[in-house]
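Any value given below was found using the heavy atoms of this structure, including those in side chains, with hydrogens, waters and symmetry copies removed.
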Amino acid sequence: MKRIASLPPLYREYEMSTNNARTTNDNVDTKTASLHRRSVLISSNPNSDSLPIDLILVYDHTNHHKDNDVESNHDNQVKKKKKPSERRRRFEEYLRKKQGLILSHAESNQKQVGFVKVHTPFDILLLAAENMRMRLPIEKIEENENDLSTSQKNQSAWYRFTESLKKPFRLDQSLKKDDPDYYTAIYSSDIDKFKYLFDKLRGSKDLYFTPTERSLLTHELLSRAHFDYDNDNPDDDQQYPVIIRPLTDPTAELQKVSERPGIDRLITKKAYECYFPLHESVRDDVKHVDDSELNDREKLKKHWATMRQCLKFQPLSLIRSYMGEKVAFYFALCGFYNQMLIPAALIGLIMFIYGISSVFSDRPTSDICGELGRTTYMCPRCDKTCPFWKLSDSCLYSKISYVFDNTTTVIFSILMSLWARWFMEFWKRRQAALQYDWDSIGFEEHLEPIRPAFENKAKKKGNKRINPVTGINEPYVSTRTRIPFFLVAAAVVLFMMAIVCVTVFGTIAYRSRMDYILKKTSVKTYSPIIITVTSAIMNLICSIILSQFYYWIARKLTDLELHKYQSAYDDSLIIKIYLFQFVNFYSSLFYIAFFKGRFFEYPSKYGDSDSANFTEQCDPAGCLVELSIQFFIIMIGKQIINNLLEFFNAMRRTLTRICFKRGEPEAQEQWEKDNQLIDFNSNTLIDEYLELVIQFGFVTLFVAAFPLAPLFALLNNIIEIRLDAWKFLSKYKRPIPFKASDIGIWSDIISAISYIAVLTNAVVIAWTSEFIPKMAYRSIQSTGGSLSGYVNWTLSSFSIVDYNLTDTVPEKIPDNLTICRYRDFREPTGPSYSQTSIYWNVLAARLAFIIVFEHVIFFIIYLMQWLVPDVPKKIQNNIDHERYIDQRERWASKTTEAHFKDAITASETLSKIIKPSNGTVKTLVNEDYVSSKHSRGRNRRVEAQLSLDNE
């Protein structure tokens with residue numbers, strides 16, 4: 001019994017001659033001349049192609065010479081492997097005969113490479129759209145002029161003010177889509193209202209689907225097409241189209257297929273090299289060309305992928321139309337992030353200017369640089385080898401420290417802690433608006449195909465089991481088999497993190513040794529700055545090298561884990577890479593902020609700089625200045641190096657072609673040019689998101705130490721967005737425009753960072769900055785709130801003779817020196833030098849500040865989450881209206897009316913069978929539905945007695 005609906009016949013105007021399959025200029029029926037489309041949709045040579053090219057398949061002619069006739073023995077069955085050319089022939093035959101696609105071949109004059117141009121007719125696109133549950137336009141949004149004028153009158157003064165600020169950054173009007181706005185609904189062939197828009201939406205059926213929609217639907221068809229089906233059946237009607245699924249027994253037909261379908265499997269079997277949608281052709285100079293004559297790619301290159309437009313908003317709708325939602329969401333996040341950075345950057349700049357302008361009026365800084373600093377000898381930073389030094393040597397350090405650590409630092413930390421959560425909350429609202437505009441609300445992820453790499457490895461193990469979702473007997477790897485690989489991956493990740501920690505300890509040893517050397521030179525006054533800067537540069541270099549090395553290791557570990565689906569593979573890879581990068585780039589900052597100088601040691605207990613028990617100490621001006629310098633060098637240096645690496649990696653193929661293939665003519669056809677570009681895969685966006693999220697961590701986790709971090713991040717991102725735009729449009733193949741409803745797992749990572757930032761900022765203020773000790777001094781020691789005598793209050797005394805108790809007497813003790821000073825709250829007499837009551841009071845104040853700080857911030861955050869909905873009210877109203885239209889049209893469709901008529905007829909027939917006298921009904925019932933356990937496969941007549949209510 002035939003259960004599968006056949007595909008509709010192809011129209012004459014879509015028929016393409018494929019007799020001369022390997023010629024560049026294809027013989028096309030002359031009737032297709034009326035279907036000639038604009039170059040924005042053809043994306044190729046208009047003179048040789050009369051149908052839009054929705055996808056390009058690339059294959060190598062030389063692979064048919066490879067040995068593919070080796071026999072393999074799996075499950076005691078001998079099966080002869082097919083040649084790539086045979087797989088390719090059967091696959092293309094399936095596409096033509098079973099899916100109705102139109103294929104034509106072309107060859108390259110430069111290499112032994114062949115191309116297959118794929119065109120999908122309109123009716124096939126509709127079938128695929130219905131099976132994918134794609135949302136298509138259903139009703140035009142009519143703008144009421146009265147409502148528009150009323151809304152303009154009711155606009156608040158704040159709205160008009162913000163709009164006036166945005167006006168210089170608005171996009172050129174030519175970048176706005178001319179299409180009218182429509183309500184959309186999930187497409188169904190039963191709803192006639194969809195059909196009215198086929199010709200009216202953009203002028204003809206050929207223009208109904210956008211190029212990205214055509215590429216996406218074509219990719220879906222190719223992902224479900226088979227290349228190993230039984231082709232011996234002459235009855236083509238009995239063959240099953242992949243895009244139509246059986247209504248009953250969904251696994252019956254699929255079990256006939258011995259292999260999983262899809263173009264990706266053919267790539268792993270070397271039948272094809274790659275596939276991609278075509279880029280639109282670009283003219284050499286479009287600066288002086290009118291925008292109405294430009295295609296989408298030329299518009300993007302002219303108005304987006306250039307530094308001349310770096311201060312303009314991004315054309316997100318055009319980006320989405322050209323590259324798909326996944327790429328568009330990344331650029332939307334970058335643009336929104338930059339907008340949120342503007343107020344943070346302005347506030348940070350104001351804080352920085354205030355610090356510079358008031359540094360000379362700061363009393364603690366004046367004491368360190370004045371008479372107190374010149375007459376106070378500080379204890380050596382290490383035992384035996386380190387020299388004594390004067391407090392005034394920290395004069396420059398103290399001035400820099402005050403610029404970043406002043407009374408405004410706490411205010412800025414509170415604002416940035418709130419900003420981190422505000423960013424996520426307002427991004428949710430922005431994301432909801434984009435989901436509505438891009439028809440991504442309620443987007444349903446389709447069942448993913450199995451990763452070909454997983455399938456190949458699983459087959460070698462010989463295990464299979466029935467998939468509980470699809471009911472198909474699939475290759476299977478048990479959890480018990482995978483657990484050792486997960487443990488190995490976890491161990492390697494921890495080991496690499498340990499290596500990062502070793503590099504941090506190496507920089508500690510470097511700093512202590514350089515301090516000993518520089519203190520004996522003429523630059524001893526600047527030795528703290530020199531040591532901090534050079535050690536930060538060393539740490540940055542180590543971090544960059546380790547990150548590149550670990551990226552390769554993370555891929556190998558994720559491959560070993562044998563993930564069945566690509567999404568699980570990507571998530572596992574992202575988590576590994578981010579955890580390592582978190583430790584790699586933040587470990588030195590965490591050490592300085594939370595651990596340096598806080599091991600409760602005092603002079604004669606510091607240890608020798610060459611020993612393993614050496615304890616590094618902070619400068620009398622505090623550790624915050626060192627944290628600021630380390631932060632600045634790592635963050636800015638990483639951004640500069642990453643941008644340079646991105647540029648040279650993107651230019652690598654171009655430079656190679658120029659240097660080594662100078663005499664070779666350039667490709668003439670668009671598909672040949674695109675084939676020379678870099679592949680755009682899931683890892684491409686992973687790299688971009690990772691860079692953005694690492695920067696977000698810098699801006700939020702330790703922003704108290706460097707208020708200019710948002711400003712430098714903003715300046716970098718302005719360049720980064722245009723660099724990425726240039727790469728994606730010029731150096732990468734056009735991506736498959738996959739649908740997406742959000743930014744995926746990155747949203748969870750950013751949210752986690754925003755919560756951690758509250759705690760880190762609280763600890764930096766309480767533990768690293770001078771805010772709490774200064775507040776304690778004002779309340780305990782000072783009169784009138786003055787900081788006079790604060791520096792002396794924070795310094796403890798150590799008797800020189802007590803060095804003899806531990807045999808750690810330093811070299812070259814100054815004459816008549818009996819005591820030296822060090823930064824701590826300890827008793828002035830030994831031998832234990834225990835902490836004073838002031839130390840415990842300050843410690844209690846620090847802990848109390850952390851608790852109060854994070855409780856207040858989290859309370860404000862939860863209050864904001866409760867008051868501000870994730871979806872703006874206007875967007876929610878539009879969503880509800882679309883649902884109303886969808887339900888209304890489904891109930892009003894002719895198919896629904898026909899179903900009701902059939903149901904009424906069946907009901908009337910049933911009512912005639914009922915006997916009013918005794919309520920007995922005679923009917924035929926299939927016992928398979930009554931008691932299949934006892935009499936499966938047998939049908940018999942049964943008589944059911946119904947007791948009717950005769951009251």
Side-chain angles (χ1 to χ4, degrees), residues 25 28 32-56 117 119 122 137 168-182 199-215 276-324 327-328 331 666-674 677 721-722 724-735 737:
N25 297 323
V28 185
T32 61
S34 60
L35 296 176
H36 180 73
R37 305 184 60 164
R38 297 178 300 180
S39 62
V40 67
L41 295 183
I42 294 179
S43 304
S44 59
N45 188 353
N47 297 323
S48 60
D49 295 293
S50 298
L51 293 175
I53 299 175
D54 300 319
L55 216 62
I56 289 289
K117 297 177 286 185
H119 166 73
F122 175 76
F169 310 105
R170 293 290 184 190
L171 290 169
D172 191 278
Q173 291 296 323
S174 63
L175 295 180
K176 294 184 178 180
K177 287 290 185 182
D178 297 330
D179 295 343
D181 201 2
Y182 281 83
D199 294 321
K200 295 181 180 179
L201 184 63
R202 297 184 180 93
S204 70
K205 288 183 178 181
D206 294 330
L207 302 176
Y208 180 76
F209 288 102
T210 63
T212 52
E213 290 172 341
R214 296 183 66 94
S215 297
F276 50 85
L278 274 180
H279 271 301
E280 296 173 354
S281 58
V282 178
R283 284 164 279 189
D284 294 334
D285 186 11
V286 296
K287 294 180 182 179
H288 306 293
V289 180
D290 187 77
D291 290 340
S292 61
E293 301 178 7
L294 302 178
N295 58 39
D296 286 352
R297 189 186 184 194
E298 290 173 331
K299 287 181 180 179
L300 288 172
K301 293 197 72 172
K302 180 179 179 180
H303 295 285
W304 179 52
T306 172
M307 287 303 300
R308 290 188 296 271
Q309 302 290 331
C310 64
L311 298 181
K312 295 287 187 179
F313 290 124
Q314 298 184 89
L316 292 179
S317 296
L318 198 58
I319 297 170
R320 176 243 180 179
S321 175
Y322 192 77
M323 299 190 204
V327 177
F331 284 106
E666 294 185 359
Q668 297 299 318
E669 302 294 349
Q670 186 63 42
W671 50 82
E672 293 178 293
K673 297 177 183 179
D674 288 2
L677 301 179
I721 287 178
R722 307 302 161 173
D724 290 341
W726 169 77
K727 286 192 314 180
F728 291 169
L729 287 175
S730 302
K731 301 302 176 183
Y732 280 83
K733 293 182 176 70
R734 189 174 182 178

(message) Assess the residue pair Glu298 and Glu280 against the criterion (side chain to side chain contact (heavy atoms under 4.5 Å, CB included)); give the C-alpha distance rounded to whole Å, side-chain angles, the decisive distance to 0.1 Å, and a yes or no.
(response) CA-CA 8 Å; Glu298 290 173 331; Glu280 296 173 354; over 6 Å; no
(request) Could you walk me through whether His303 and Lys312 pass side chain to side chain contact (heavy atoms under 4.5 Å, CB included), step by step? (result) CA-CA 9 Å; His303 295 285; Lys312 295 287 187 179; over 6 Å; no
(message) As a quick check of understanding, evaluate side chain to side chain contact (heavy atoms under 4.5 Å, CB included) for Met323 and Leu729, giving each step before the final call.
(response) CA-CA 9 Å; Met323 299 190 204; Leu729 287 175; 3.5 Å; yes
(request) Classify the side-chain pair Ser730/Lys301 by whether it contains a donor and acceptor separated by less than 3.5 Å. (result)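 A donor-acceptor contact under 3.5 Å links the two side chains.
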(request) Would you sort out whether Thr306 and Arg722 count as a side chain to side chain contact (heavy atoms under 4.5 Å, CB included), showing the intermediate values? (result) CA-CA 6 Å; Thr306 172; Arg722 307 302 161 173; over 6 Å; no
(message) Could you measure the distance from the CG atom of Leu318 to the CG atom of Asp296? Nearest 0.5 Å is fine.
(response)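 Leu318 atom CG to Asp296 atom CG measures 4.5 Å (nearest 0.5 Å).
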(request) Kindly compute the distance separating CZ (Arg734) from CD1 (Ile56), expressed to the nearest 0.5 Å. (result)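 So the CZ of Arg734 and the CD1 of Ile56 are separated by 12.0 Å.
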(request) Only counting residues at least two apart or in another chain, list the ones meeting ring pair (Phe, Tyr, Trp, His ring centres under 6.0 Å) with Phe276. (result)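 Per chain and number, Phe276 pairs via ring pair (Phe, Tyr, Trp, His ring centres under 6.0 Å) with no residue.
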(request) Check the angle between the aromatic planes of Phe122 and Tyr208 and answer parallel, tilted or perpendicular using the 30° and 60° thresholds. (result)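 Perpendicular: the ring planes of Phe122 and Tyr208 meet at over 60°.
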(message) Do the side chains of Asp674 and Lys733 get close enough for a salt bridge, i.e. N-O under 4.0 angstrom?
(response)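 A salt bridge is absent here (no side-chain N lies under 4.0 Å from a carboxylate O).
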(message) Under the rule for side chain to side chain donor-acceptor pair (under 3.5 Å), what residues qualify as partners of Thr212, not counting sequence neighbours?
(response)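 Applying side chain to side chain donor-acceptor pair (under 3.5 Å) to Thr212 gives Thr210.
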(message) Does the structure place the NZ or CZ of Arg297 under 6.0 Å from the centre of the six-membered ring of Tyr322, at an angle of no more than 45° from the ring's axis?
(response)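 Because its charged atom misses either the 6.0 Å distance or the 45° angle limit, Arg297 does not stack over Tyr322.
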(message) Could you check, using the six-membered ring where one of them is a Trp, whether Trp304 and Phe331 have ring centers closer than 6.0 angstrom?
(response)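 Centroid distance Trp304-Phe331: below 6.0 Å, so yes.
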